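Keep in mind it's a predicted model, so treat the numbers as computed, not measured. Note that ligands are numbered from 1 as they come in the structure, with each ligand's atoms numbered from 1 the same way.
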Amino acid sequence: MSAQAAPLVRSFDEWRVAARGFIARRVAPETIEWLSSAGAGDLLSAAPAPAEATTTTEDHGGQAATRLPRQLMALLEAAACHNADDRWAFLYKVVWRWQRGEHDVVSPADADGARLHGMVKAVRKEEHDMHAYLRFRERKEADGAPRFVAWFEPTHHVLPQVAVHFARRMGNVTWMIATPQAAVLWDGEALHEAPSLLRSAADIEDAGEALWLTYYRSIFNPARLNADLLRSHIPSRFWKNLPEGAIVPAMISAAANGERRTGQAETVGRRGGSAIAVAAADAQPQRGHPTTLDQCRRCELWKSATQAVPGAGPQRARIMLVGEQPGDQEDLEGLPFVGPAGAVLDKAMAEAGMDRGSIYLTNAVKHFKWELRGKRRLHKTPAQKEISACHLWLEEELARVRPDVVVALGGTALKSVLQDGSATMAPVMDAPFRHGGRWLVAVYHPSYVLRAPDEASRRAAYQVIVDGLRQALRLLDS
Ligand code: URA
């Protein structure tokens, strides 16, 4: 049987359309030759769409196509980001087998199922690594180039979803993420794909005017052009001194001559339809993003602390406990919960049947805030601006550790996890609730037990912590 050529596939959606047609015509996997391209031109069309139920019931040449469960679609969509050359052929084989009733094809015990899950795992890990290790460098020059630029060499095709992640976090500051294959620009409002003109991180520093001009051109959207606004921001007499000044007039005229309409159609066609809401506070953390926690100068607390105290525990833990800030002993040892509050917590964990070794322990604020009383450094509650400044690090830990349940130990932790400076414990201590795609349990801070005025209230506060930890363990099974 001679091989049938599939149309050129540049994205998951294109593969889906092609696969649907082949399935409807009952074309066997071994007879199809899949051609793929990973060019920049298809990049954002491959950005993740909200998981949708697969309703491939359209007619293809008089035959109904197959219907796939949502979970399988999600696996296929994730695996499509894998860099395997034969990924489209492999995904088709999975669908082919599924629709023939071979549902084992999604089981890790099946050879194809194992490969599918392996691909998904590799893609998820790459997404996670890119979230965690991508570093934006701030560029100071006001030359029309994005303010932050990052270079990353992902193994798999995860740039689109990672770009969406950063677009949600960074508010309206402009940035670009460049990879060897492609670049994505965020102009503060929308994502744009752009050619990959950088070759390494070093190019970010060396990039000359011509390069930024090229990027400026590539993000220029005639549909959104407001020439008057542009002139009011940058009076045209200054344009000649700006690198992009030379091309702006030409682009305005091109826009007036029809590109505005074309641009509009293109942009509308590309949009998924959902608006990305960005809180002003979220725009702050990335400014002056320190590379490591011990270099963090986002608030003043580093000045009087011995060191920053990072979270501790397995890289992937199902439960994360968030405290307030390191105490005197934690500040000296560089580890969370090793002082008196840690001893209370250890006892409560043991009583609840929770193994400290399997839990990720961290704090909302990573530097010890204190005041001197006599010779003693006494704990001082962090201010909201310090909690907000430090939230970036908690966010990174949440993205890296991906816990299913977060236990907020006290009000500071709750404020940070909820990113709500007005959050209070009383309304949320009764029952766990969902927040940010995970369970959140709120209990007293262990030092609240230590400060309780009498034995009865000490015992009551302690019991709340034990019950909350038990609740967290139960939620893992839910
Ligand atoms: N209190 C906290 O909140 N965290 C610690 O690490 C120690 C005491």
Side-chain angles (χ1 to χ4, degrees), residues 293-294 296 299 301-302 304-314 317 319-350 352 354-373 376-398 400-401 403 405-419 421 423-425 428-429 440-452 458 461-462 464-466 468-469 472:
L293 178 58
D294 53 41
C296 187
C299 74
L301 295 185
W302 65 276
S304 52
T306 310
Q307 59 191 315
V309 179
I319 299 181
M320 179 184 282
L321 304 192
V322 183
E324 181 182 275
Q325 60 165 347
D328 184 79
Q329 215 160 311
E330 288 81 11
D331 169 74
L332 298 173
E333 291 192 36
L335 290 168
F337 287 105
V338 288
V344 174
L345 186 60
D346 279 348
K347 188 162 176 275
M349 283 202 277
M354 191 178 265
D355 167 23
R356 180 166 171 151
S358 65
I359 303 298
Y360 192 90
L361 273 174
T362 192
N363 285 299
V365 172
K366 309 291 196 243
H367 282 110
F368 179 31
K369 182 175 181 180
W370 53 273
E371 60 188 349
L372 205 57
R373 291 267 180 85
R376 293 183 61 209
R377 299 190 303 172
L378 285 192
H379 157 277
K380 235 180 137 188
T381 305
Q384 184 54 42
K385 64 173 193 266
E386 290 146 358
I387 300 172
S388 301
C390 216
H391 179 77
L392 166 83
W393 299 109
L394 181 61
E395 203 53 63
E396 286 201 342
E397 289 174 305
L398 287 166
R400 176 161 45 82
V401 178
V405 182
V406 170
V407 180
L409 301 168
T412 299
L414 185 72
K415 287 183 172 81
S416 180
V417 173
L418 295 180
Q419 282 190 269
T424 52
M425 294 289 286
V428 295
M429 273 182 35
L440 182 55
V441 177
V443 297
Y444 292 126
H445 190 281
S447 45
Y448 185 77
V449 176
L450 296 172
R451 288 198 310 268
R458 240 191 313 279
Y462 175 75
V464 168
I465 299 177
V466 173
L469 298 180

(Q) So if I count the atoms of ligand 1 from 1 in the order they appear, which ones are less than 4.0 Å from some heavy atom of H445? (A) 1 (N), 2 (C), 3 (O)
Q: Please work out which of N363, L321, V365, L450 has its closest non-hydrogen atom nearest to atom 4 (N) of ligand 1.
A: N363
Q) Quick check: are there more than 12 heavy atoms from other residues, nucleotides or ligands sitting under 6.0 Å from OH of Y448? A) no
Q) Can you tell me which residue and heavy atom of the protein come closest to atom 2 (C) of ligand 1, and the distance to 0.1 Å? A) Q325 O, 2.9 Å
Q) Going by the order shown, which atoms of ligand 1 are within less than 4.0 Å of some heavy atom of E324? A) 2 (C), 3 (O)
Q.
Could you check whether K380 pairs with E386 (Lys NZ or Arg NE/NH1/NH2 to Asp/Glu carboxylate O, under 4.0 Å)?
A. no
(Q) Just to confirm my output: which protein heavy-atom neighbour is closest to atom 6 (O) of ligand 1, and how far is it? (A) F337 N, 2.8 Å
Q. Counting each atom of ligand 1 from 1 as listed, which ones have a heavy atom of P336 under 4.0 Å away?
A. 6 (O)
**Q.** Q307 and H367 side chains, donor-acceptor separation under 3.5 Å
**A.** no
Q) Taking the side chain from E333 and the backbone from E330, do they hold a donor-acceptor pair closer than 3.5 Å? A) no
Q. Under 3.5 Å, is there a donor-acceptor pair between the H379 and E324 side chains?
A. yes
Q: Please answer whether the main-chain N or O of S416 pairs with a side-chain N or O of H391 as donor and acceptor at a distance below 3.5 Å.
A: yes
Q: Output the list of atoms in ligand 1 that are nearer than 4.0 Å to some heavy atom of G323, sorted by atom number.
A: 3 (O)
